[in-house]
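Working notes, structure below.
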Amino acid sequence: MNRLDRRDWLKGIGGAAAGVVVLRGGAGCGYFPAERGPAYAPWSFPSSGSPPEMVAAEAAILASNPHNTQPWLLHVTSTAIDLHADLARNTGSVDGLMRELHIGLGCALENLVIAAKSSGRSADVVLLPDPATPTLVASVTLAVIELPPVADPLFLAIPTRHTNRGRYASASAATALPAAVAALVTEPGVELTLLVAEADMATFRSGTNEATVAFIADPEMSHDSNLWYRHTADEILQHRDGITLDASGNGAATRFFGKSLGRPSDATSNSYWLDATRGIQATASAYGILSSPSSNGRDDQLRVGRAYQRIALWAISQGMAVQPLNQMAEMQDREETKGLDPRFTGVLGGLVGQSGRRAQMLFRIGYPWDVALESPRRPLAWVRL
Amino acid sequence: MATLAVLVALGSALCLRTAALGADDSDVAVAPRYVPTVAVALGSFDERLRLHVDGSDADSFRSQYRTLLLVGLAHPVARWPATGPHPAWREHLWVDGHLSTGVGVTFDTGHWHIPVREDITLAYGARTWLTLRSGLGLGVTFDASAGHRTFLELGIPLAIALFRNFELVYRPMLVVPLGSETSPVFGGQRELATRLAFLPFELLLRFRIPALGW
């Protein structure tokens, strides 16, 4: 066997380096960095030169929403924007009462209003203006006003608000946090219960863990949830919606190997979800519950959505983060639609602490370790009527 | 940067000293004195998130793995003089060094790390095919993704070399943060930095490439 000389070694090293470059280029989407491209373009907000009504519409499509289904359609004119529900974009048995879908529409409405006001337009909102057309959830009339002298921090937070599913610091809530968050909830009928006592937080955590187990054990809910999972770059580019690995809050290595190893089974996805719920997503400074007086009023849900979106934007502007943790509310709805034992309905009733009120939106709030990554978004052109 | 300059100066001084040791070292004729190496490493390090809220500090910690791909240069540092104390010592004990750099990635945050290290070890040639090494290492890891998370490494390399060219290195280290990121948050301030800690875990698999040596 011939002994390799220095030149042979140098050739080998050079060849290996070239191979790495070729393989990396051939990988296309690039596994390690977060996905980029047209599916994420709407986050470049606001687009330059857009008139105020378009800025408002561009803001609406960047709102929080369930499973990133983006269940909205918009009719935009220079003087008004109508917000419609796209009921086909639902999560099936996960949201059997379409509670979350309407909360997501409320979030879009709040973004729209904030952006309009920051762009020199008033925004007069009428919820559910036409009883004969229940999918028309809000009409917003725009009129010219003076631009505010100082940019609204909530407006500035719109393009940087991403649901943060990662680890938060193990730190108690600041003393002023409950009052500050409560002050954001101004919608009539909507109340915030902010859990900061350790015993209440422990009840919320254990309830969320048990609700996740129950959710996973329900084949229909598990199936309907995983339908919205987008694994590959091609899927993301095609659909521009859904839950992605990048937005999952998992670490870089998990995202890398997750993308490299192919689409996981529903059981594997559920296992990761349960681990995250019990682990990194059990970190928080407080848990919040937005409740309404009625059980399933659409106007209440829209108002809850507006309040939640305001909280989410405020949190970003304050170096904090929020994540919806709606498993107990989803099981509450499931108990109602399937006539099951009202186990989680009872847990939520106890946490809200007032009879006659219905928990609509659950979330954690805290100080995140890392910035959340973007979720894909359908462009405005896809959702305009 | 000052630390890097010190390391470069240290490495240069070691190389000059080795060159000055003279040509009477009998190994020169049979084995290269400067041997390039490549290595892969798996280790961990800790980070600290400190929240200064309501006038008090609350610390949170997390550990994460990182993997490194290193290229280096093994070089002699010192041998016993020809008139040394005992022939066995002259034959079996010597001091050598290893300068390395490379690139790494952290598993959780996905940050790119660029370590620069110099290890000085006392080597014991137990057999012709077995060498044991132990010593001290100084290094710095530049966090290319977040410069303020750069840290200093004070390592204790413990190595077993088989057949001269395959080496397994266990390198626990003291990590000293050289900066931190701070930003205002509701109620106070947050500070994120590498944690000042003794880290018990880093393993390297190193290959020496005598064919490239001189």
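So you know, we letter chains A, B, ... as the sequences are listed, proteins then strands, and number each from 1.
Taking CZ from B:R62 and CD1 from A:I280, the interatomic distance works out to 10.0 Å, rounded to the nearest 0.5 Å. To the nearest 0.5 Å, the span separating CG on B:L51 from OG on A:S285 amounts to 7.0 Å. Taking OH from A:Y367 and OG from B:S60, the interatomic distance works out to 11.5 Å, rounded to the nearest 0.5 Å.
The number of heavy-atom neighbours closer than 6.0 Å to NE2 of B:H148, taken from other residues, nucleotides and ligands shown, is 12 or below. More than 12 non-hydrogen atoms from other residues, nucleotides or ligands lie less than 6.0 angstrom from CZ of B:F201. Few gaps surround OH on B:Y170; more than 12 heavy atoms of other groups in view lie less than 6.0 Å from it. Under a cut-off of 6.0 angstrom, the local environment of OH in A:Y229 is crowded, with over 12 non-hydrogen atoms contributed by other residues, nucleotides or ligands. Annotation for B:L196: atom CG counts as buried by contact number, over 12 foreign heavy atoms lying within 6.0 Å.
Of the two parts of B:R66, neither the backbone nor the side chain holds a non-hydrogen atom closer than 4.5 Å to a non-hydrogen atom of chain A. Heavy atoms closer than 4.5 Å to chain A are found in the backbone of B:F61, but not in its side chain. For B:Q64, no part lies near chain A; criterion is any non-hydrogen pair under 4.5 Å. Within the 4.5 angstrom heavy-atom criterion, only side-chain atoms of B:L192, from C-beta onward, approach chain A. Neither the backbone nor the side chain of B:R50 has a heavy atom closer than 4.5 Å to any heavy atom of chain A.
A donor-acceptor pair under 3.5 Å is formed between the side chain of B:D54 and the backbone N or O of A:T175.
Across every non-hydrogen atom of A:A169 and B:L49, the tightest pair is CB-CD2, 3.5 Å. B:G187 approaches A:A174 most closely through the heavy-atom pair CA-CB, 4.4 Å.
Taking B:T67, B:D59, B:V53, B:V185 one by one and counting their heavy-atom pairs under 4.5 Å with chain A, the maximum is reached by B:V185.
B:D108 has no carboxylate O lying under 4.0 Å from a charged side-chain N of A:R255, or vice versa, which leaves the two without a salt bridge.
By the 4.5 Å heavy-atom criterion applied to side chains, A:S317 and B:F186 are not counted as neighbours.
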